[in-house]
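For reference, the structure discussed in these notes is given below.
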Amino acid sequence: MADAADRTDTRYHPVDIEGKWQARWEAENLFARKDPAGPEKSYVIEMFAYPSGDLHWGHVRNYTIGDTFARYQTARGRNVFHPFGFDAFGLPAENAAIKRGIPPADWTYSNIANMTGQLKRLGYSYDWDHTLNTCDPEYYRWNQWLFLKFFERGLAYKKRSYLNWCPEDQTVLANEQVVNGACERCGTPVVKRELSQWFFKITDYADRLLDNHSQLDWPQPVIDMQRNWIGRSTGALIDFALDAPFEGENLSVFTTRPDTLFGVTYMVLAPEHPLVQRVREAFPAESDRIQAFVDEVAHESEIDRTAEDRPKVGIPLPISAVNPANGERIPVWIANYVLVEYGTGGVMAVPAHDERDFAFAKAYGLPIREVIRPAEGAPSAELAEAYTAPGVMADSGPFTGVSNEDGKGKVIAWLEGQGKGKGTVNFRLRDWCISRQRYWGTPIPILYCDRCGIVPVRAEDLPVTLPTDVAFTGKDNPLATSAAFVNATCPKCGGPAKRETDTMDTFMDSSWYFLRYLNPKDDGKAFDAADVEAWMPLDMYVGGREHATMHLIYARFFTMALHDMGLLTFDEPFRRLFNQGILTQGGSKMSKRGNATPPNQLLDKYGADACRLFILFVAPPEERTEWNEAGVEGSFRFLSRVWRFVTQERRPGGAFAETDEPVRRVLHRTIQKVTADLDGLRYNTAIAAMMELMNALSGAELSDAAHSEAAEALCQMLAPFAPHFACETWERLGHAETLYRGAWPAFDAELARENEVEVVLQINGKVRDRMTIPAGVSAADLEAMARSNDKVLAALNGKQIRKVIAVPDKLVNVVIG
RNA sequence: GCCGAAGUGGCGGAAUGGCAGACGCAACGGUCUCAAAAACCGUCGGGGGCAACCCCGUGCGGGUUCGAAUCCCGCCUUCGGCACCA
């Protein structure tokens, strides 16, 4: 590119102005956090970035939506806080270390530097004095502090359970990180392993996570996804008495269909159910046979386990139980279709009214007893499939003849009266497993002492920093390879202790970063109560829908837990959420995993402003759209035309001419529309409206006054979209102050109103004529005009006018028949 | 299977009960130029007609309405989420 000095033309050259304004903004400290007192505060962020290496157009779309929103809020006079940071822990850094021998920290910090440069080049209005990287000890020490708080409250606990294990990444995964039975990150099929891990008690908050949805200004699909994920079911816990050798003990099961209790013909336990091992001990002769089946199921991968056509298999156990409803003895089986993690890990089987139980009973010749019948029609001879629709209870003792919906509550009450069961709710949501056997994360601040057991690190000893003398083999937990890290002293007894070598799930980092943004350099506390009180909750959170059941649930849980600890006064972090639509490339999502296009080339060629404008113009921000760079040219052309218009040589001042009126009407209508569209985040149509305005201005003869009015309004309207361009043209119009705060054009309502309208004349719903008339002509007058219209008279031809529908300023429809 | 979103020109999209295709891209024709770029002007859903005009057209089939891309019922397709959750 040539220097500005070489040019003789006065055309729009973005490279000449973008660096200049970025430097100016920085020198003026324009984007510094404002005082939250005074006009309404507006805390706006986009979901922070994983430092994967390069920005791609998907990021550009996300951040441009947020920046346009933030800049518009400022233009409207609000006090905006708009920070950015990096979600810097995670596996890719560690994989780079394993594959290329680069320390994870080096890889991460160099990516952060690179991406920060790209973000600055795009001219986003971030307050870089309030940034954070989650891999800094100054950040993660507060993760550890928060972990200790959760531990004190009993919200963090260690337990042994069956967990998702990724053999490739050599770590456990949360349920949320298993996608179609495979590791969300590397795609390797996940297997179940019994392991001892750290959990957060998110299930304590299941009901609140659902109930609070009504307070949130969020896209409904995200709320629906969370509701599905949490999966609340209402039903009953029912106790089935066990026979010898477990007499006196109960087998408790969860069911949503207590109304089918009289139809139970067997019971099924998950192979991992604790009772199974006790049965093996009680029946040594059966032990090997049982264990063989348990092993067979356990070794299936998660993909095989969840396959749709997976056959249901099981074996009977040498024990039986008693149906509390009718005293009947029924067999107890173990089978692969019962999940240990849900409910009690065992079910009562009602083959007549449950598809799974039906298939299993058919396969193993177990009895099928029909106890719900359709309200009308004769009882069927033999069921061909499970009957799961509503009906009337049959062969159900005192409940026979009751509708099954009423029966649910009645059976529960009856069981409660006898102490054999109770109504309850059950959730699909599991506690959040937060420990990972990886290096590049926050060390869990826990010690294991032979004498004192599990001992938390003292708060004053934080941070527990990541050691650098570790070996990355891709197999063992790297922290365990640092003797200096592992060997520690017990703070309770002073004896030798071993450090926990697991690190935290990185979703821990993102669960509270929006609190830390306010005081990222404060080394005395995790966050400042007064600042949090002043700025939280977030007024706008912009990010992708893929976080619906992960980050967005975890962060809500965190906020609720901190609220209950008295650390926050609110319990929902994100008042308003906006999901940008995904950007596809070749039909699939643009992402760091393959098909991403970086913005650099187009930035070089057209500048940041044209790129920003284009990414908002292509589609409504919430819609998925296919990336096609061909259109950037159009945005650049538009800015070039505005440039030429605004930079015309004009004398300042003067009066409006009569001939200005039509164009001024367009201008004021445009200001009205752009304002409304920005309020509704309809950026694509706002830009289209400005283009239409430019088209109207192009051919018009304008007075100096009208030219100046239009030029200033255009600069102001473009400011949130094309900030460098707007600042430069604003300056060239003679303004000394940088165009940023409180500079939004007002529209004259009188001028914005249409004075002349084209009214469509329809005959039997088809357009037959158009009439240009003054706005506001009444329906009665329109009808009279229609009745005397030539086309109507010609169409009549002996027929009659049956009806006339007149909509002022829109149309008249004459129905002839 | 369950929950959700979406289907409109060659392309991205506009119009959410009232002129379908705004705005932009691409394409085509023209002006300017020695030439090119840039810029500007024009054409641009399909069919018919010399023409004024006419007919068809918003995934498919019905319906409501004076009038439906838009509302209702039933399908199809694509995408996202959940899925042996008892």
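Every chain is numbered from 1 and lettered A, B, ... according to where its sequence line falls, protein lines coming before strand lines.
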Query - Proximity to the side chain of A:R641 - top-ranked nucleotide from B:rC40, B:rG13, B:rA86 - result: B:rC40
Requested in this report: Would you indicate which nucleotide in B:rC23, B:rC3, B:rA86 comes nearest to any side-chain atom of A:T255?
Outcome: B:rA86
Requested in this report: Using a cut-off of strictly less than 4.0 Å, decide whether A:R768 has a side-chain nitrogen or oxygen near OP1 or OP2 of B:rC54.
Outcome: yes
Requested in this report: With sequence neighbours excluded, tell me which residues meet side-chain contact (heavy atoms from CB on, under 4.5 Å) with A:D609.
Outcome: A:Y12, A:E18, A:R612, A:L639, A:A722, A:P723, A:H724, A:F725
Query raised in the report: A:A700: what forms a side-chain contact (heavy atoms from CB on, under 4.5 Å) with it, not counting sequence neighbours?
Result: A:V663, A:L702
Query raised in the report: With respect to the phosphate group of B:rC25, does any side-chain polar atom (N or O) of A:R637 fall under 4.0 Å of OP1 or OP2?
Result: yes
Query raised in the report: Does the side chain of A:S233 get closer than 4.0 angstrom to OP1 or OP2 of B:rA86 through an N or O atom?
Result: yes
Report task. Would you sketch RNA chain B in dot-bracket for me? Only Watson-Crick or G-U wobble pairs with both distances under 3.5 Å count, crossing pairs as [ ], other-strand pairs as |, the rest as dots. Result -> (((((((..(((.....[....))).(((((.......))))).((((....))))..(((((..]....))))))))))))....
Query raised in the report: When you compare B:rG12 with B:rA83, how far apart are their C1' atoms, in angstrom units rounded to a whole number?
Result: 35 Å
Query - Distance, C1' atom - from B:rG18 to B:rC73, rounded to whole angstrom - result: 24 Å
Report task. State which residues pass side chain to side chain donor-acceptor pair (under 3.5 Å) with A:T265; sequence neighbours excluded, sorted by chain then number. Result -> none
Requested in this report: Mind checking side chain to side chain donor-acceptor pair (under 3.5 Å) for A:H551 and listing every partner two or more places apart, or none if nothing turns up?
Outcome: A:Y541
Report task. Please tell me which of the listed nucleotides, B:rA22, B:rC56, B:rA86, lies nearest to the side chain of A:T256? Result -> B:rA86
Query - Contacts of type side-chain contact (heavy atoms from CB on, under 4.5 Å), residue A:E649, not counting sequence neighbours - result: none
Show me the protein contacts with nucleotides 67-72 of chain B, counting only N or O atoms at under 3.5 Å.
none

Query raised in the report: Does anything in residues 678-690 of chain A pair up under salt bridge (charged side-chain N to carboxylate O under 4.0 Å, His left out), and if so which pairs, sequence neighbours excluded?
Result: A:D677-A:R682
Query - A:W218 six-ring face occupied by A:R556 cation (under 6.0 Å, within 45°) - result: yes
Query raised in the report: A:T203 and A:D431: side-chain donor and acceptor closer than 3.5 Å?
Result: yes
Query raised in the report: C1' atom, B:rA14 versus B:rU58: distance in rounded Å?
Result: 12 Å
Report summary line: Regarding the side chain of A:V347, the nearest nucleotide among B:rA86, B:rC66, B:rA14 is B:rA86
Query raised in the report: OP1 or OP2 of B:rG80 less than 4.0 angstrom from a side-chain nitrogen or oxygen of A:N579, does that happen here?
Result: no
Report summary line: Those residues at least two apart in sequence (or on a different chain) that pass side chain to side chain donor-acceptor pair (under 3.5 Å) with A:S640 are none
Under 3.5 Å, which N/O atoms of the protein pair with N/O atoms of nucleotides 5-12 of chain B?
unit_1 : atom_1 : unit_2 : atom_2 : d
B:rG12 : O3'    : A:T625 : OG1    : 3.0
B:rG12 : O2'    : A:V618 : O      : 2.6

Report summary line: Judged by nearest nucleotide, the residue sitting upstream toward the 5' end of RNA chain B, A:A688 or A:V815, is A:A688
Query raised in the report: Which of the following nucleotides, B:rC56, B:rA86, B:rG13, is nearest to the side chain of A:Y342?
Result: B:rA86
Query raised in the report: With a non-hydrogen cut-off below 4.0 angstrom, is A:N426 in contact with a base, only sugar-phosphate, or nothing?
Result: nothing
Query raised in the report: Between B:rC23 and B:rU77, how far is it from one C1' atom to the other, in whole Å?
Result: 29 Å
Requested in this report: Would you mind classifying the nucleic acid contact of A:N695 as base, sugar-phosphate or nothing, using non-hydrogen atoms under 4.0 angstrom?
Outcome: sugar-phosphate
Report task. Establish, yes or no, whether a centroid distance under 6.0 Å links the rings of A:W333 and A:F360. Result -> yes
**Report entry** Nearest listed nucleotide, side chain of A:D224, among B:rA14, B:rG4, B:rC82
**Finding:** B:rG4
Report task. Rounded to whole angstrom, note down the P distance from B:rG47 over to B:rG9. Result -> 15 Å
Query raised in the report: For A:R428 and B:rA86, is the shortest distance between a side-chain N/O and OP1 or OP2 below 4.0 Å?
Result: no
Report summary line: Of B:rC23, B:rC25, B:rC66, the nucleotide closest to the side chain of A:M691 is B:rC23
Query - Pair of N/O donor and acceptor under 3.5 Å linking B:rC66 base with A:K803 side chain - result: no
Report summary line: Per atom distances to the A:T685 side chain, the nearest of B:rA15, B:rC84, B:rA86 is B:rA15
Query raised in the report: Which part of the nucleic acid, if any, lies within contact of A:V338, taking any heavy atom under 4.0 Å across all strands shown: a base, the sugar-phosphate backbone alone, or nothing?
Result: base
Report task. Consider the side chain of A:N228, meaning its heavy atoms from C-beta on, and name the nucleotide among B:rA39, B:rC25, B:rC3 that approaches it most closely. Result -> B:rC3
Requested in this report: State which residues pass side chain to side chain donor-acceptor pair (under 3.5 Å) with A:D217; sequence neighbours excluded, sorted by chain then number.
Outcome: none
Report task. Can you tell me, in whole Å, how much space there is between the P of B:rC72 and that of B:rG17? Result -> 12 Å
Query raised in the report: If we ignore angles and hydrogens, is there a donor and acceptor under 3.5 Å between the side chains of A:R641 and A:N695?
Result: yes
Report task. Would you classify B:rG9 as syn or anti? Syn applies when the glycosidic angle is within 90° of 0. Result -> syn
Query raised in the report: Hey, are A:K312 and A:N336 close enough side-chain-wise for a donor-acceptor pair under 3.5 Å?
Result: no
Requested in this report: Scan for side chain to side chain donor-acceptor pair (under 3.5 Å) pairs involving residues 254-264 of chain A, sequence neighbours excluded, and state none if there are none.
Outcome: A:R257-A:D259, A:D259-A:N404
Query raised in the report: Which part of the nucleic acid, if any, lies within contact of A:K766, taking any heavy atom under 4.0 Å across all strands shown: a base, the sugar-phosphate backbone alone, or nothing?
Result: sugar-phosphate
**Report entry** Residue whose nearest RNA chain B nucleotide is more 5′ - A:L811 or A:F614
**Finding:** A:L811
Query raised in the report: Under 4.0 angstrom, heavy atoms only, what part of the nucleic acid is A:R644 near: base, sugar-phosphate, or nothing?
Result: sugar-phosphate
